[in-house]
Protein chains: 2
Amino acid sequence: MAAVLPLIDLQKQARPHAWMNSIIKGDCVAALEALPDKSVDAIFADPPYNLQLGGTLHRPDQSLVDAVDDDWDQFASFQVYDAFTRAWLLACRRVLKPNGTIWVIGSYHNIFRVGAIMQDLNFWLLNDIVWRKTNPMPNFKGRRFQNAHETMIWASRDAKAKGYTFNYEALKASNDDVQMRSDWLFPICSGGERLKGDDGKKVHPTQKPEALLARIIMSCTKPGDVVLDPFFGSGTTGAVAKRLGRNFVGIEREQDYIDAASARIASVEPLGKTELTVMTGKRAEPRVAFNSLVESGLVKPGQILTDARRRHSAIIRADGTLTSNGDAGSIHRLGAKVQGFDACNGWTFWHYEEAGVLKPIDDLRTIIRNGLPKAD
Amino acid sequence: MAAVLPLIDLQKQARPHAWMNSIIKGDCVAALEALPDKSVDAIFADPPYNLQLGGTLHRPDQSLVDAVDDDWDQFASFQVYDAFTRAWLLACRRVLKPNGTIWVIGSYHNIFRVGAIMQDLNFWLLNDIVWRKTNPMPNFKGRRFQNAHETMIWASRDAKAKGYTFNYEALKASNDDVQMRSDWLFPICSGGERLKGDDGKKVHPTQKPEALLARIIMSCTKPGDVVLDPFFGSGTTGAVAKRLGRNFVGIEREQDYIDAASARIASVEPLGKTELTVMTGKRAEPRVAFNSLVESGLVKPGQILTDARRRHSAIIRADGTLTSNGDAGSIHRLGAKVQGFDACNGWTFWHYEEAGVLKPIDDLRTIIRNGLPKAD
DNA sequence: CACTATTCTGAATCATCAG
DNA sequence: TCTGATGATTCAGAATAGT
């Protein structure tokens, strides 16, 4: 296994690892041994969906399971699929950074087993995301509902991992300024995007749309991050990662897929820095202490602050704290106290008066952040 | 356990069993012993979700979120939850007719375990159905996607059961003559439908909307069939079953819920057959986010948008936001910003050029909408 | 009464940093 | 690893209050 096919170097620096931006040929679990612990920022996995349906069943080593009896076979099928799932998920978990996250896509045939095993392995589920297809295949026999969606599970490495990347502001801004929901609408991969061989036949049976991968990669990674796809197939993950300025690692067993994916990725043109910049919120801004407003003279000791409706008021003290009716504390503590709350964002709660108009002191923080005008 | 509370007899014939159209008080598994083998046509189960909540959660306005922390939703571990799930599913399977089907609803906290166990117990999964909520609770901390759906699993008793009821034509006719998809859109239960006590507080924390149950019961049962709900709660299943001319059996442990459900069901008037077909409302025009245009390739990152008179311009970024002269934001925010306004409809303000002609990006939204299939 | 503004709420695994 | 301080964060719809 593991013939390493180096492809490109997105970052135009010395490639830190031989496996970076390459497709590793081999079985998923074995090939992952080429990667160090905690070396990838995100994983997108599109594992085999259904090993019990089509009559044939393959073990992790691809040997055919010889079905003997219906009942026994069904039990054995799930067992084998579970063992396979457990193995690749464990291998993925080892190479995932502590603050990395993993996506797994599946259908009702396999996603419940996958999800339960992920929980058993201490992955911490963050969301299940529904990919609603605009153009799903009809149900031909009319004996079920049209299977019009697939399910993705998004999870962090464990419950304690709070620092995972989630570009909340960017997703919200791109979604008409309301937060992104767990149900996404995309067409299936078809038309020019669908890879086809010389015979005109599709290269891969389950090629995922680039739009889907784009939203995934934009949501949970930063430019320069490493995205692993342990079931690389036609290389959608790699193509989108490259376009979005991310690094990728693919694992794939079949040479035909590797060839198609390599050519596909080679033709991808990465986007520029301007296009890749994403919206960030206040979280990403540097912290400013209220005291620096006092020190810079934007507010003065003795000055009175009120809430937006003048129901509460407080006096600024020289040390950058507030006092009101015998209570005192930071802008946050005192804001909480006067309202009887546990917590309060003093920056948006307290207002100062300018030309008869009340403005939040957050406006003054913005002045500090943007750089004070030069004064003597 | 098992004090039988007979309620009504929908079919106006001699009640064939004491438990028909009644609520059995007791633990789910034990109470099911009151029912013979293969005695119900359909099951709707809304088991505890096993939410694992950390502390308290406040909205941005500091109000407290009334979380589901009831005793019945507390389980010591996944192992304990799995054992519980296995037990009630097995008991349900015994009383289900060979051609009966079962629905189980859950969230990502529990549905994967439930689904895997159903497969292990030889239930045969027919569909997973997504209930998309029109008005889900937001994600208040901005650390995840808004959890905007719940998942239902629809399964037959075993793989060989081919004769289950599925009212394909009725569903299709009610869905603008296209087959019913696996993603359904309904509001959460609120307003007058939501049961409230004398204190004005909700009777049950997780009351399901009647519209959801109506579609379920209409899809897989016939008038006169028996629908079992092993976690009866506020009795939505019973109320809808009665309205739709089906029989029901409910199992519930808590007397408060039983009392509320009994009164609720007593006040239900069964509908005539004619009225049963007008249950699906007309679907609102789907909202399309600007990012869908980027993701679908109708516009590209790096592309320049202008206003109709080319006085302002902006560059599209990969995350679906715009940037212009150092400012950035959604199509609406940046449109407002460059004009010095508070608000702006970005869809009509921003234009793209095609064959030398400026067209509003709203035209592209129309393309997306026209590509949408009929749903809900 | 009509209309507007405000408040309330829903199955939620919901923060981060310095010390 | 724990504690305390800082300060970031919400959408749709219904109910209620105010004009």
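Since we're looking at a predicted model, the values are computed, not measured. Note on naming: letters A, B, ... go to the chains in the order of the sequence lines (proteins, then strands), and numbering restarts at 1 for each one.
- Between the NE2 atom of His332(A) and the P atom of dG4(D) there is a distance of 18 Å, rounded to whole Å.
- For dT7(C), neither phosphate oxygen OP1 nor OP2 lies less than 4.0 angstrom from any side-chain nitrogen or oxygen of Arg59(B).
- Asp183(A) and Arg181(A) are joined by a salt bridge, as a carboxylate oxygen and a charged side-chain nitrogen come within less than 4.0 angstrom of each other.
- As judged by a 4.0 angstrom heavy-atom cut-off over every strand, Ser107(B) is placed among residues making no nucleic acid contact.
- The interatomic distance linking Ile188(B) (CD1) with dC8(C) (P) rounds to 17 Å, in whole Å.
- dG13(D): Watson-Crick or G-U partner is dC8(C), with both key distances under 3.5 Å.
- Within the nucleic acid shown, Asn50(B) has no heavy atom closer than 4.0 Å to any nucleic acid atom.
- With both pairing distances under 3.5 Å, dG4(D) is matched to dC17(C) as a Watson-Crick or G-U wobble pair.
- Residue contacts for Arg283(A): at a heavy-atom cut-off of 4.0 Å it reaches the sugar-phosphate backbone alone, with no base atom in range.
- The P atoms of dA8(D) and dA12(C) are separated by 25 Å, rounded to the nearest whole Å.
- Within the nucleic acid shown, Arg181(A) has no heavy atom closer than 4.0 Å to any nucleic acid atom.
- The side chain of Val178(A) has dA12(D) as its nearest neighbour among dA11(C), dA12(D), dG10(C).
- Contact between the side-chain N/O atoms of Asn139(B) and the OP1/OP2 oxygens of dT10(D) is not found at any separation under 4.0 Å.
- Residue contacts for Cys344(A): at a heavy-atom cut-off of 4.0 Å it reaches a base atom on one of the strands shown.
- Between Asp362(A) and Arg369(A) there is no salt bridge, since none of the side-chain N atoms of the basic residue sits less than 4.0 Å from a carboxylate O of the acidic one.
- dA11(C) atom P lies 17 Å from atom CZ of Arg132(B), rounded to whole Å.
- Using a 4.0 Å heavy-atom distance criterion, Pro136(B) is classed as a base contact.
- dA12(C) atom C1' lies 10 Å from atom NZ of Lys133(B), rounded to whole Å.
- Taking the nucleotide of DNA chain C with the nearest heavy atom to each of Asp66(B) and Phe78(B), the more 5' of the two is matched to Asp66(B).
- One N or O donor and one acceptor, one from the side chain of Gln62(B) and one from the base of dT9(D), sit under 3.5 Å apart.
- Using a 4.0 Å cut-off between charged nitrogen and carboxylate oxygen, Asp66(B) and Lys202(B) count as a salt-bridge pair.
- Residue contacts for Ser156(A): at a heavy-atom cut-off of 4.0 Å it reaches no nucleic acid atom on any strand shown.
- Salt-bridge annotation for Asp27(B) and Arg253(B): absent, with no side-chain N of the basic residue lying under 4.0 Å from a carboxylate O of the acidic one.
- Side-chain atoms of Tyr49(B) lie closest to dA11(C) of the nucleotides dA11(C), dT6(D), dC14(C).
- Among the atoms of the strands shown, base atoms are found under 4.0 Å from some heavy atom of Gly55(B).
- In this structure, Gly346(A) reaches neither bases nor backbone, as no heavy-atom distance under 4.0 Å exists between it and the strands shown.
- Using a 4.5 Å heavy-atom cutoff, the side chains of Trp347(B) and Asp176(A) are in contact.
- In terms of phosphate contacts, Lys202(B) brings no side-chain nitrogen or oxygen within less than 4.0 Å of OP1 or OP2 of dT9(C).
- Regarding Phe140(B), its CZ atom lies at a distance of 18 Å from the C1' atom of dG7(D), rounded to whole Å.
- No contact: Pro209(B) has no heavy atom under 4.0 Å from any strand.
- No N or O donor and acceptor, one from the side chain of Arg333(A) and one from the base of dG4(D), sit under 3.5 Å apart.
- Residue Arg143(B) is in sugar-phosphate contact alone, with no base atom involved, counting any heavy-atom pair closer than 4.0 Å across all strands shown.
- Atom name C1', nucleotides dG10(C) and dC14(C): the rounded distance is 15 Å, in whole Å.
- Among the atoms of the strands shown, only primed sugar atoms or phosphate atoms (P, OP1, OP2) are found under 4.0 Å from some heavy atom of Thr134(B).
- Salt bridge present: Glu150(B) and Lys133(B) bring a charged side-chain N and a carboxylate O closer than 4.0 Å.
- Counting non-hydrogen atoms under 4.0 angstrom, Trp72(B) reaches a base of the nucleic acid.
- Spacing of C1' atoms, dA11(C) relative to dA15(D), comes out at 22 Å, to the nearest Å.
- Proximity of a side-chain donor or acceptor of Arg365(B) to a complementary backbone N or O of Leu293(B) within less than 3.5 Å is not detected.
- Within the 4.0 angstrom heavy-atom criterion, base atoms lie near Leu125(A).
- Nucleotides dT10(D) and dC8(C) are separated by 13 Å at their C1' atoms, to the nearest Å.
- Atom CG of Asn345(A) and atom P of dA5(D) are 17 Å apart (whole Å).
- Summary of the strand contacts: Ala343(A) and Lys172(A) both lie near DNA chain D, and taking for each the nucleotide with the nearest heavy atom, the more 5' one is attributed to Ala343(A).
- Look at CZ on Arg369(A): it is 10 Å from C1' on dG7(D), rounded to the nearest Å.
- The residues Glu210(B) and Arg215(B) are annotated as not salt-bridged, no charged nitrogen and carboxylate oxygen being separated by less than 4.0 angstrom.
- As a whole-Å value, the separation of Lys160(A) NZ from dA15(C) P is 16 Å.
- Map Asn127(A) and Arg287(A) each onto its nearest nucleotide of DNA chain C; the residue landing nearer the 5' end is Asn127(A).
- Along DNA chain D, the nucleotide closest to Tyr168(A) and the one closest to Trp347(A) are compared, and the more 5′ of them pairs with Trp347(A).
- Taking side-chain N and O atoms only, Ser190(B) has no distance below 4.0 Å to OP1 or OP2 of dG10(C).
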